[in-house]
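The structure appears right after this line, and notes come after that.
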Protein chains: 2
Amino acid sequence: MRSMPNRSPSGGVDERAAATGAPALDRLRRELARGTAELAVLSVLSTRRRYGYELLKLLRETGGGLLEVKEGTLYPLLHRLEDAGHITASWEAEGRARPRKYYSLTPDGRTHLALLRGEWTALVAGMRTLLDTLDGVD
Amino acid sequence: MRSMPNRSPSGGVDERAAATGAPALDRLRRELARGTAELAVLSVLSTRRRYGYELLKLLRETGGGLLEVKEGTLYPLLHRLEDAGHITASWEAEGRARPRKYYSLTPDGRTHLALLRGEWTALVAGMRTLLDTLDGVD
DNA sequence: CCCGATGCCTTGTCTCACAAGGCATCAAGC
DNA sequence: GCTTGATGCCTTGTGAGACAAGGCATCGGG
């Protein structure tokens, strides 16, 4: 793990970090993104099954890197989702010497994802209500 | 506090709660909304100063109730924002026998709000990237 | 006086994110 | 063979914030 290469976020993000102080901005972003991990993971899994490490990389590189999830978060989350019946896990080698643990959505998981998605949309709409009020005053 | 009247959320929300099981849906919504409290509070304060209890009521009634914040959360948050210099607090009676503690945004708080707002917008855009991928497959 | 509404505060508990430590396998280089 | 780095999964202790609930106070009405 410690040998994990440090990857720079995509271009624009670096500039913003420099302007505000990376540690504070990092913390701010992380706090804002709290609560989105489950939706992010489930939505990525909805297109096809993936193994844990693949999910880590994908989430770090997609969506401007703002939906990044760390392994200390991901694996416990995957286990919770598995316990809840939203996903299933299976070890598969796939013509490789070394197996990976693949995760895939269950039908129940697809239902849950649809629900989560609806709630996210509602939340975003609700927040827009507040922010648009601000716009009205300006 | 225990005498606080129980208010039903707006119409549609009740029906959804009945379909899924209110405790589970409540938990889901709360987890999804984690991280939004600060943005919500600051944006409400941006239009004009308000006292704590007023904020509680406003956030419960606005945005479909999805941005509700409880007092155990609000007051510590207000104190944190005050410590950070984003808001100021002042006790005012305003022709009433009983004073209230009003909170208002500082110029620094306005800057912070603008930053938070930008980050929220980016987060929503990032999530849309994932969810649109899902749409593409469907 | 009692009760409910209004208003602010705090504490203990819960939940989840994160850093970091740990283990394992594989492949390349010395 | 040994070492190192990449790949892959897991877990634990810590930190931070949300929440329930308890507490205090004032005011007004019965």
Side-chain angles (χ1 to χ4, degrees), chain A residues 1-7 23-24 26-41 50-60 66-84 89-103, chain B residues 1-7 23-24 26-41 50-60 66-84 89-103:
Chain A
M1 277 302 98
R2 222 100 322 95
S3 58
M4 175 73 74
N6 276 333
R7 301 201 185 179
D26 277 350
R27 194 204 60 81
L28 181 153
R29 283 175 178 155
R30 277 190 237 120
E31 186 56 33
L32 207 49
R34 278 201 79 148
T36 59
E38 188 169 325
L39 177 58
V41 168
R50 299 175 195 273
Y51 56 94
Y53 193 62
E54 185 183 6
L55 283 170
L56 286 177
K57 287 188 297 181
L58 205 52
L59 289 171
R60 190 173 60 230
L66 299 177
L67 295 166
E68 180 181 7
V69 172
K70 302 297 174 66
E71 50 269 68
T73 299
L74 180 67
Y75 290 107
L77 172 58
L78 288 173
H79 296 158
R80 290 201 301 275
L81 290 173
E82 200 179 347
D83 290 343
S90 60
W91 285 98
E92 296 174 32
E94 287 195 325
R96 298 158 38 92
R98 180 179 182 145
R100 290 167 170 152
K101 191 168 182 183
Y102 278 85
Y103 298 93
Chain B
M1 278 300 101
R2 226 100 320 97
S3 59
M4 177 70 76
N6 277 334
R7 303 202 183 180
D26 278 349
R27 194 203 63 81
L28 181 153
R29 283 176 177 154
R30 278 193 236 120
E31 187 54 36
L32 207 49
R34 280 201 76 148
T36 59
E38 188 170 322
L39 177 57
V41 169
R50 300 173 195 273
Y51 58 93
Y53 194 60
E54 186 184 6
L55 283 170
L56 285 179
K57 286 188 295 180
L58 204 54
L59 289 171
R60 189 173 62 233
L66 298 178
L67 296 166
E68 179 180 8
V69 173
K70 302 296 171 68
E71 50 268 72
T73 298
L74 180 67
Y75 290 107
L77 172 58
L78 288 173
H79 295 156
R80 289 201 302 276
L81 290 172
E82 200 179 346
D83 290 342
S90 59
W91 284 99
E92 295 173 31
E94 288 194 323
R96 298 160 35 93
R98 180 179 181 145
R100 289 169 173 154
K101 191 168 182 182
Y102 277 85
Y103 298 93

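In what follows, every chain begins at residue 1, and chains take the letters A, B, ... in the order their sequences are listed. Values reported hereafter were calculated over all heavy atoms of this structure, with side chains retained and with hydrogens, waters and symmetry mates removed.
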Separation of [X] atom [atom1] from [N] atom [atom2], in whole Å?
X	N	atom1	atom2	result
B:L59	D:dA18	CG	P	12 Å
A:Y53	C:dC26	OH	C1'	13 Å
B:K101	C:dT6	NZ	C1'	16 Å
B:L67	D:dA18	CG	P	12 Å
A:Y51	C:dT25	OH	C1'	14 Å
A:L74	D:dG8	CG	P	13 Å
A:E92	D:dC9	CD	P	12 Å
B:L55	C:dC9	CG	P	12 Å

Which value, rounded to the nearest 0.5 Å, describes the distance between [X] atom [atom1] and [Y] atom [atom2]?
X	Y	atom1	atom2	result
B:L32	B:R27	CG	CZ	10.0 Å
B:L78	B:E82	CG	CD	8.0 Å
A:R50	A:Y103	CZ	OH	14.5 Å
B:R60	B:K70	CZ	NZ	9.0 Å

**Item:** Contact under 4.0 Å: B:Y75 side-chain N or O vs C:dC9 OP1/OP2
**Value:** no
Quick tally for nucleotides 13-19 of chain C: nucleotides whose base has a protein heavy atom under 4.0 Å get B, sugar-phosphate-only ones S, the rest -, giving --BBSBB
With A:V41 as partner, the option from A:L58, A:L59, A:T36 fulfilling side-chain contact (heavy atoms from CB on, under 4.5 Å) is A:L59
Between B:R98 and B:Y103, the residue closer to the 5' end of DNA chain C by nearest nucleotide is B:R98
A:R100 has its side chain closest, among D:dG8, C:dT10, C:dT6, to D:dG8
Residues at least two apart in sequence or cross-chain that pass ring pair (Phe, Tyr, Trp, His ring centres under 6.0 Å) with A:Y75, listed by chain then number, are none
Applying side chain to side chain donor-acceptor pair (under 3.5 Å) to B:R34 and not counting sequence neighbours gives none
